[in-house]
Amino acid sequence: MKAMQARVRKLLEENKIDGFIGLKMEHGHPAPFMFSRENLGEMETLVVGDVRYPLNKALLKVSGQYPDLTFGVMVRGCDERGITELLKWNQLHRDRVIPVGVACSSELAQLCECYKPYPSDWVVGEKTEGIAKSKRLQKIEGMNQKERLSYWLNQFNKCIKCYGCRDVCPMCFCEVCSLEDRNFILTGKLPPENPTFHLSRAVHMVGRCIDCGLCEEACPSNIPVRTLYKKINEIVKEYFDYRTGESSEGKSPLNLLGEVTLELSDVNK
Amino acid sequence: MEYKTVLTTCGYCGCGCGLYLEVLDGQLVGAQPCKTDSVSQGGLCIKGWNVHEFVQNSERLTKPLIKKDGQFKEATWDEALDTVASRLKKIKEENGPDRIAFLTSAKCTNEENYLLQKLARAVVGTNNVDHCARL
Ligand code: SF4
Ligand code: SF4
């Protein structure tokens, strides 16, 4: 924590950044906040813990308002993947973002089943091994097709259409969202079209989802949406050899133009 | 340049979900569930997620309106309160207190709801008190 505070203070004092999006402990809760030269006195309230907020989303709001300024942001492995993709999608400028890293605790890495629970560089935490294959996903894949279908339909039936999964998602930045298309998703109807609503969101997370898990944490109905997107990421890796946010090279799958032939191997399993 | 979040309680219903209002240079730009809130535990319904929208909405009523000749007209608070008080008084005198009902609100505090039922029972003399959370 002290190391993070010192790094942020230095970046601000040396004019490397104009603001730092992090978490501030206030009223006993860690809350998203921007530290700046004007409030340097509050640096001691900057905290790092296992409670996570979509800080990149806050960064987009602030940098959208101040495109000529440079901002720092606290990043974990997932957030760094997010920055990489947001740069590719032209939502941020490379010279205008300075990430300051945190390596996640092994508890958090286990909970997330994160394949890379640390960013490329960090000032807080220690590197712990990533988890290659999600057990939650394996469990669902262990079901036969009929069981799997009824499992998901039952889960999606619990949806109260709060749009929390989308609203919290640091990779959902579109101005117009298909999930609000009145011809497609009817208003005043609960649960939303099953499985159209959830599968649409899943498809739109191709090349976007950085597996932060904030969506599942925000879901008041405890729908395991993260597991669904983990599967999406697996498919994207398998068919496009693309790991979302891993590298600044390579085109995001939904941006590929031209002919692509895909063979689906296990649809009838 | 300032970006901060303000911890508050959702005003839309009686559940009392904890949320943060996101403030950028004095303007509300979003709402977020408070993840460490013991009641809502990081979840919100669609109203909570959009709670910031009504505050600065240009269509928000900021003055009382009184209907005159079938049209709503802006009025002062004194005029509005006088109109309500005299009409309620008239109804009570002509038809009795049980012709009046009080609907309280989840947007109010416990204390404000207490005061409204007190007004209903002690001043007007009716037990017709209900709450919007039952709708
Ligand atoms: S895990 Fe959920 S919130 Fe995070 S990027 Fe993927 S879809 Fe968005
Ligand atoms: S957060 Fe959960 S309940 Fe809300 S829209 Fe998403 S899946 Fe449905």
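It should be emphasised that the depicted structure is a prediction, and the values quoted were computed from it without experimental measurement. For the numbers below, each heavy atom of this structure counts, side chains included, while hydrogens, waters and symmetry mates do not. Naming convention: chains lettered A, B, ... in sequence-line order (proteins, then strands); numbering from 1 in each chain.
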Open item on the list: For a side chain to side chain contact (heavy atoms under 4.5 Å, CB included) check, start with the C-alpha distance between Leu55(A) and Asp79(A), then their side-chain angles and the critical distance, and finish with the verdict.
Closed with: CA-CA 8 Å; Leu55(A) 298 179; Asp79(A) 303 314; 5.8 Å; no
- [ ] Measure from NZ or CZ of Arg166(A) to the centre of the six-membered ring of Trp49(B) and say whether it is under 6.0 Å with the direction within 45° of the ring axis.
- [x]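 Not flagged: Arg166(A) not positioned over aromatic ring of Trp49(B).
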Open item on the list: Do Arg96(A) and Tyr66(A) form a cation-pi contact, if we require the NZ or CZ to be under 6.0 Å from the six-membered ring centre and within 45 degrees of the ring's axis?
Closed with: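 No, Arg96(A) and Tyr66(A) do not form such a contact.
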Task: Which of Gln41(B), Glu22(B), Met1(B), Glu2(B) touches chain A most, by non-hydrogen pairs under 4.5 Å - done: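 Counting heavy-atom pairs under 4.5 Å, the top option is Met1(B).
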Among the listed options [options], the residue most often paired with chain B at heavy-atom distances under 4.5 Å:
options: Val168(A), Ile160(A), Asn39(A); result: Val168(A)
options: Glu217(A), Lys57(A), His27(A), Glu38(A); result: Glu217(A)
options: Pro54(A), Gly19(A), Ser221(A); result: Pro54(A)
options: Lys161(A), His29(A), Gln65(A); result: His29(A)

- [ ] Kindly indicate, with the supporting measurements, whether the criterion side chain to side chain contact (heavy atoms under 4.5 Å, CB included) is fulfilled by Val51(A) and Leu23(A).
- [x] CA-CA 9 Å; Val51(A) 180; Leu23(A) 296 173; 5.5 Å; no
Side-chain heavy atoms of [X] within contact of [Y], under 4.5 Å:
X: Cys112(A); Y: Arg76(A); answer: no
X: Leu61(B); Y: Phe72(B); answer: no
X: Cys114(A); Y: Arg81(A); answer: yes

For [X], which atoms come within 4.5 Å of any heavy atom of chain B: side chain, backbone, both, or neither?
X: Phe35(A); result: neither
X: Asp18(A); result: both
X: Phe71(A); result: side chain
X: Lys24(A); result: neither

Open item on the list: If we ignore hydrogens and angles and just use 3.5 Å, is the side chain of Glu85(A) paired with the main-chain N or O of Gly245(A) as donor and acceptor?
Closed with: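 Yes; judged by distance alone, with no hydrogens or angles, the pair exists.
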- [ ] Would you please name every residue forming a ring pair (Phe, Tyr, Trp, His ring centres under 6.0 Å) with Tyr12(B), sequence neighbours left out?
- [x]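 Tyr12(B): ring pair (Phe, Tyr, Trp, His ring centres under 6.0 Å) contacts with Phe54(B).
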Open item on the list: Using ring centroids (six-membered ring only for Trp), state whether Tyr53(A) and Phe33(A) fall under 6.0 Å.
Closed with: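 So the answer is no for these two rings.
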- [ ] Could you tell me whether Arg9(A) atom CZ has more than 12 heavy atoms of other residues or ligands within 6.0 Å of it?
- [x]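 It does: Arg9(A) CZ has more than 12 such atoms within range.
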Task: Part of residues 113-129 of chain B lying next to chain A, heavy-atom separation under 4.5 Å - done: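 Residues qualifying by a heavy atom under 4.5 Å from chain A are absent, so none.
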- [ ] Under 4.5 Å heavy-atom distance to chain A, tell me which part of Leu44(B) shows up: side chain, backbone, both or neither.
- [x]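 The answer is the backbone of Leu44(B).
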